[in-house]
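So the structure is just underneath, and the comments pick up after that.
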Amino acid sequence: MEGLEEKLQGLSLARRSRPEKPTYLLDVALQPAGLLAVSCSDFAVRLHSRDTLEPVGEYRGHRGPLCGVVFSHASPDLLYSASADGTVRGWDVRRPGAAAAAQVFRGDPAHAYSGFDLSCGDTLLCAGTEQVDAEDSYLVFWDARKPGDGPLGAYSESHSDDITQVRFHPRDNDRLASGSMDGLVNVFDLSRGTEEDALLATCNSDSSACSVCWAGAAYSQLLCLSPNETLHLWDLHRLDTDEPLAVFGTADARGLPLLAEGGAVDYLVGAQWLEEAQKLLVVGGENGGDLHLMECDGGGLRLLKTLGGGHASMVRCFLWDAAKDALVTGGEDAQLLLWKTGGAQIPAGKRESRKSETVSRLKSRPHKKHSYQREKKETGKTEGH
């Protein structure tokens, strides 16, 4: 059986999808039955074929920036998305292009959601908010089985700035990690009731946390990436020992000589724990579009494969499809690319940036605080005059 490194070495560009209108591709989720869902900077959620990347349909129910997409684990025809418009919406992917969401979850009208996730048992939805009135940030919970009901409750004491990441444990329905621009990554046991009792650990990244990933053989590790390209890997098994939580960390991945001739990455895209290979895959990139696939462990980062000839600008999202030995990437050039092991390589073609004037005004990183909520309030004041 081929190891991960051999599979990555065999990757080549197999498929390319580019929409007619330029937009940033911010997040991608996989439905094993055959679909990819992509959240876009134009507030749309788009569906693509897993094998061909052909567009299948899109949803345009949100009125603000999206903060992610995730498929239901038990009911894969149900796709969730969350937005700064204050809603979490469930879409029936058997009805691509439907004008109305099949489910809508709402909370306080003042909340703009900036991160969300669905528990592994499909029972809980949790969304993190931007900071409200320069004071509090909230983790809001709903019973995913009761879309018509209001929130079950909220945590408000553990973060002091925008919550950028919400990640449920892949195996424990009650374990939750959250990351924030306050630099903290918190771990909760939701079965313990009150927020104070539920808070198991607080890890300080010394910078804004823009990406959080569960990792390790028992998913006992947490990886945190920041906008200034710091990286921290913590082992939560060490909580009750005298050992430091830190397994590995770097103050700036751009300073690590990872590439040929001592070169380095310009930014970090994200990370994914690969269960089959028992490896933590970290993806970094160069501003021109080239991608670098790296393994991360206690020894640091190690380059496994460089992918060129695909994207023309920054890559925003990726996922490894273990069943297909394939990598899916999406970026600021509006391209969705499929890299396959042993597949026929398509011509790279001319790598053109497809950024429109509107898209180019967006923040250069997906975790940055946006101005949607402020603009909405200002518009309301103007209309009231």
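Any value given below was found using the heavy atoms of this structure, including those in side chains, with hydrogens, waters and symmetry copies removed. What you see is a predicted model, and the numbers here were worked out from it, not measured in a lab.
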Check whether any side-chain heavy atom of [X] sits under 4.5 Å from a side-chain heavy atom of [Y], and report yes or no.
{"X": "Leu319", "Y": "Leu36", "answer": "yes"}
{"X": "Val132", "Y": "His111", "answer": "yes"}
{"X": "Arg50", "Y": "Asp321", "answer": "yes"}
{"X": "Leu47", "Y": "Leu79", "answer": "yes"}
{"X": "Phe318", "Y": "Leu291", "answer": "no"}
{"X": "Cys40", "Y": "Val38", "answer": "yes"}
{"X": "Leu236", "Y": "Val187", "answer": "yes"}
{"X": "Asp206", "Y": "Thr230", "answer": "no"}

Can you see which heavy atom on [X] is nearest to which on [Y], and at what distance?
{"X": "Ser137", "Y": "Ser160", "result": "OG-C, 4.2 Å"}
{"X": "Leu53", "Y": "Leu338", "result": "CD1-N, 3.6 Å"}
{"X": "Ser178", "Y": "Phe188", "result": "OG-CE1, 3.5 Å"}
{"X": "Ala322", "Y": "Glu276", "result": "CB-OE1, 4.4 Å"}
{"X": "Lys340", "Y": "Ala14", "result": "CG-CB, 3.9 Å"}
{"X": "Cys213", "Y": "Ala271", "result": "SG-O, 3.8 Å"}

Atom [atom1] of [X] and atom [atom2] of [Y]: how far apart are they, to the nearest 0.5 Å?
{"X": "Tyr219", "Y": "His169", "atom1": "OH", "atom2": "NE2", "answer": "8.5 Å"}
{"X": "Cys296", "Y": "Leu301", "atom1": "SG", "atom2": "CG", "answer": "4.5 Å"}
{"X": "Met294", "Y": "Thr306", "atom1": "CE", "atom2": "OG1", "answer": "9.0 Å"}
{"X": "Gln165", "Y": "Ser211", "atom1": "CD", "atom2": "OG", "answer": "5.0 Å"}
{"X": "Thr250", "Y": "His232", "atom1": "OG1", "atom2": "NE2", "answer": "8.5 Å"}
{"X": "Asn204", "Y": "Cys224", "atom1": "CG", "atom2": "SG", "answer": "9.5 Å"}

Side chain [X], main chain [Y], donor-acceptor under 3.5 Å:
{"X": "Tyr267", "Y": "Val315", "answer": "yes"}
{"X": "Glu332", "Y": "Ser313", "answer": "no"}
{"X": "Glu229", "Y": "Leu268", "answer": "yes"}
{"X": "Ser180", "Y": "Asp161", "answer": "yes"}
{"X": "Thr164", "Y": "Ala209", "answer": "yes"}
{"X": "Thr341", "Y": "Asp325", "answer": "yes"}
{"X": "Asn186", "Y": "Thr202", "answer": "no"}
{"X": "Ser119", "Y": "Thr123", "answer": "yes"}
{"X": "Asp133", "Y": "Glu135", "answer": "no"}
{"X": "Ser208", "Y": "Met181", "answer": "yes"}

Does anything in residues 90-100 form a salt bridge (Lys or Arg N to Asp or Glu O under 4.0 Å)? List the pairs, not counting sequence neighbours. Asp77-Arg94, Asp92-Arg94

Which residue pairs pass the salt bridge (Lys or Arg N to Asp or Glu O under 4.0 Å) test when at least one of the two sits in residues 293-309, sequence neighbours left out? Glu5-Arg302, Lys279-Glu295, Glu295-Arg302

State which residues pass side chain to side chain contact (heavy atoms under 4.5 Å, CB included) with Gln221; sequence neighbours excluded, sorted by chain then number. Ala215, Leu233, Asp235, Val247

Answer with yes or no whether the side chains of [Y] and [X] bring together a donor and an acceptor at under 3.5 Å.
{"X": "Ser49", "Y": "Asp51", "value": "no"}
{"X": "Ser207", "Y": "Asn228", "value": "yes"}
{"X": "Ser158", "Y": "Glu195", "value": "yes"}
{"X": "Ser41", "Y": "Thr23", "value": "yes"}
{"X": "Ser72", "Y": "Asp122", "value": "yes"}
{"X": "Gln103", "Y": "Arg89", "value": "no"}

Are Asp42 and Arg60 close enough, and set up right, to give a salt bridge (Lys or Arg N to Asp or Glu O under 4.0 Å), and what steps lead you there? CA-CA 9 Å; Asp42 60 0; Arg60 289 193 167 272; 3.0 Å; yes

Can you list the steps and then say if Val93 with Gln31 is a side chain to side chain contact (heavy atoms under 4.5 Å, CB included)? CA-CA 10 Å; Val93 298; Gln31 181 216 49; 3.8 Å; yes

With a 4.5 Å cut-off on side-chain heavy-atom distances among I, L, V, M, F, W and Y, is there a chain of contacts connecting [X] to [Y]?
{"X": "Val166", "Y": "Leu152", "answer": "yes"}
{"X": "Leu184", "Y": "Leu223", "answer": "no"}
{"X": "Leu26", "Y": "Leu336", "answer": "no"}

Answer yes or no: are there more than 12 heavy-atom neighbours, outside Arg106 itself, under 6.0 Å from its atom CZ? no

Exactly one candidate in Leu190, Leu118, Leu176 meets side-chain contact (heavy atoms from CB on, under 4.5 Å) with Leu124; the answer is Leu190

Candidates Ser220, Pro244, Ser205 - the one meeting side-chain contact (heavy atoms from CB on, under 4.5 Å) with Trp234: Ser205

Determine, for Asp27 against Arg316, whether the closest basic-nitrogen to carboxylate-oxygen distance falls under 4.0 angstrom. no

Ion pair Arg145/Asp149, N-O distance below 4.0 Å: no

Go through the steps for His311 and Thr329 under the test side chain to side chain contact (heavy atoms under 4.5 Å, CB included), then give the verdict. CA-CA 9 Å; His311 289 283; Thr329 59; 2.8 Å; yes

What pairs with His292 under ring pair (Phe, Tyr, Trp, His ring centres under 6.0 Å), at least two apart in sequence or on another chain? none

Inter- and intrachain pairs under ring pair (Phe, Tyr, Trp, His ring centres under 6.0 Å), touching residues 47-89, at least two apart: Tyr59-Trp91

Suppose we call two aromatic rings close when their centres sit under 6.0 Å apart. Are Tyr138 and Tyr155 close by that rule? no

With sequence neighbours left out, the residues meeting salt bridge (charged side-chain N to carboxylate O under 4.0 Å, His left out) with Arg254 are Asp252

